[in-house]
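Below is one structure, written out as structure tokens; the observations come after it.
Just so you know, these numbers come straight off a predicted model, no measurement behind them. Protein chains get the first letters and strands the later ones, always in sequence-line order, with residue 1 at the start of each.
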Amino acid sequence: MDLRSMLEFPAFQNAFLAGTLVAIVAGCVGYFLLLRGLTFAGHALSHVGFAGAAGALLLGVDPIFGLLAFTLLAGIGIGAMGRRPDERDITIGIIMTLMLALGSLFIALYHGYAEQAYSVLFGTVMGISRTDVMVTLVLCMAVLAGLAIFFRMLLFASFDPGVAEARGVPVKLIAMIFMVFVAVTVSLSVQVVGVLLIFTLLVGPAAAAMNLTASPMRALFISVFLAVAYSWLGIYLAIRQDYPVTFCISTLAFIGFLASKMIASPFIRRLLATARPEAPHFHGGERGAA
Amino acid sequence: MNVAAASGISRASGPPGGANREAAGLAVSLENLVYTIGGNRILDGLSGTIVQGEFVTILGPNGAGKSTLLKLLLGLLKPDSGSVRVFGKQPRRGNSDIGYVPQHHVLEIDNALRAQDVVGFGLDGNRWGIALPSRQRGQRIERALADVSARHLKNEPIGHLSGGEQQRILIAQALISNPRMLLLDEPFSNLDLAHEREIVGQISRLARERNITVLLVSHDINPLLTVTNRVLFLSNGRAALGLPDEVINSQTLSRLYNAPVEVARLSGRIFVLGVEI
């Protein structure tokens, strides 16, 4: 089956639509997640989301609501935690394990389709409804708008919270708002790649992008481009070869990351002669353009 | 608490003659400033003034309140009692008149941002939205980098730079908004002596050219002897503010530390023996 005929099926249309939207948001949020050293928190949120989704199933409610409720709560909690990274990670780790255990309890109590539980863990992009796509669209637009509004302050606060705060940036507030964005992104991404492989879209593309460039705008662009490419290619291959979607996307993300590492390696850089520019030999500082 | 006040400014290098204290305008004014951390009076009734354009080195052992004083001036902390005035007004966060270079661990985000991005934060990192690419913005960033002899590092990832280069970038970030005051908290901790001298020279030159008040926290007065106007020495809640010779002597320091301190002068350098500063 080629791409054109694939796109005639509503189920596949929805898959590509949802996949694209989620990839765009995950590519953007993932960049900041890496910048802020919060990838572990992102990973933890997916496990928290799992408990929420499983709990929702138990209550007979659409899992996305459980995902959003739990991840938002946990996300704001993490954002409010101002502690040192190692202390914070221990707390997050403990809560995350509890959540995973809680989720397994909910699953055990749930007498519905085991398939739904499986799809929360591994992604369910083929089962996404048009309504889900609409919800995803609205939430994606909201997160992207939020990122645009806070862009400069978020970048500054991520790089240097001390100076940023002295310059009037509300660092604590931004930390919490950002975690809200992460919570929503994680909840949406779980639809496509599932809880266990959240890093695929959240970290993979951004990590590759950051290996290739140090310019924020360029890194964001590459991150989004890669995320969307992985999703499209992954869904296409999955339909064609009848492999699980998440497996295809994950493999592509892995290959992409490896490739970026090789391109950025010192060996290649020397080959391309991207040498560091020489300092001009002046005393007492240079005076701008001659 | 005794504050040894200087009468007139004697610049180590630059325009000769004492400037009239009143005419020059006050950059910082402290009156009976008290700040407590966990029951300890870190600053115990600190009073004194700093005139616009002065270069003041802040010395003292760890925990003496040096960083705390900077944060009080920035409005990041509020005094328990007494008053702090910066350019005649209450300190507030986001005051673009003050450039700040806090103590930096080696920057963790190794590849993520370029030098020009970091300098750009000083320009508009605290504004909403996304920066529109503009030639004027680019030129201002380039000029700020040139001021610290770092224009050639514009596109380098900040993590690839040496400690000295990173420090220059951060100073450029603090200066790009044309502040009237520059606060530096131990800017030399990651640097070797040669780089230290280079940066001291750059800071003092830029400060003189633009009449910027500089408050620099350090552990060693020697690299700064030729550029500093006065010294503020903090210890045990007490303080002494005055010319280097007035403050850094056996008598004054022994009083501040409440312990015998010996100050020796050898080949134009000052050595404080018996305690850590």
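Atom CZ of A/F221 has 12 or fewer neighbouring heavy atoms from other residues, nucleotides or ligands inside a 6.0 Å radius. More than 12 non-hydrogen atoms from other residues, nucleotides or ligands lie less than 6.0 angstrom from CZ of B/R93. Other residues, nucleotides and ligands contribute over 12 non-hydrogen atoms within 6.0 Å of the CZ atom of B/F87. Other residues, nucleotides and ligands contribute only 12 or fewer heavy atoms inside 6.0 Å of the CZ atom of B/R197.
If you tally non-hydrogen atom pairs under 4.5 Å between each of B/G99, B/S177, B/G94, B/G75 and chain A, the highest count goes to B/G94. Options B/L183, B/V118, B/L74 differ in how many heavy-atom pairs under 4.5 Å they form with chain A, and the most are formed by B/V118. For the options A/G162, A/A219, A/P216, heavy-atom pairs under 4.5 Å to chain B are most numerous at A/P216.
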Does the pair A/F159 and B/Q173 meet the rule for a side chain to side chain contact (heavy atoms under 4.5 Å, CB included), with working shown? CA-CA 13 Å; A/F159 172 74; B/Q173 179 197 87; 4.3 Å; yes
Apply the test side chain to side chain contact (heavy atoms under 4.5 Å, CB included) to residues A/R218 and B/R114: give CA-CA distance (whole Å), side-chain angles for both, the deciding distance (0.1 Å), then the verdict. CA-CA 12 Å; A/R218 254 176 259 163; B/R114 304 163 299 179; 3.9 Å; yes
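Heavy-atom distances place both the backbone and the side chain of B/I130 under 4.5 Å from chain A. Neither the backbone nor the side chain of B/Q116 comes within contact range of chain A; no heavy atom of the residue lies under 4.5 Å from a heavy atom of that chain. With a threshold of 4.5 angstrom between heavy atoms, A/A164 does not approach chain B through any atom at all. At a 4.5 Å heavy-atom cutoff, the contact between B/D124 and chain A is made by backbone and side-chain atoms alike. For B/L123, the part lying under 4.5 angstrom from a heavy atom of chain A is the backbone only.
Remark: B/W128 CH2 to A/R152 CZ distance equals 11.0 Å, nearest 0.5 Å.
Using bins of under 30°, 30° to 60° and over 60° for the plane-to-plane angle, the ring pair A/F156/B/F121 lands in the parallel bin.
When all heavy atoms of A/A166 and B/Y100 are compared, the closest pair comes out as CB-CD2, 3.6 Å.
Between the side chain of B/N126 and the backbone N or O of A/R167, at least one donor-acceptor pair lies under 3.5 Å.
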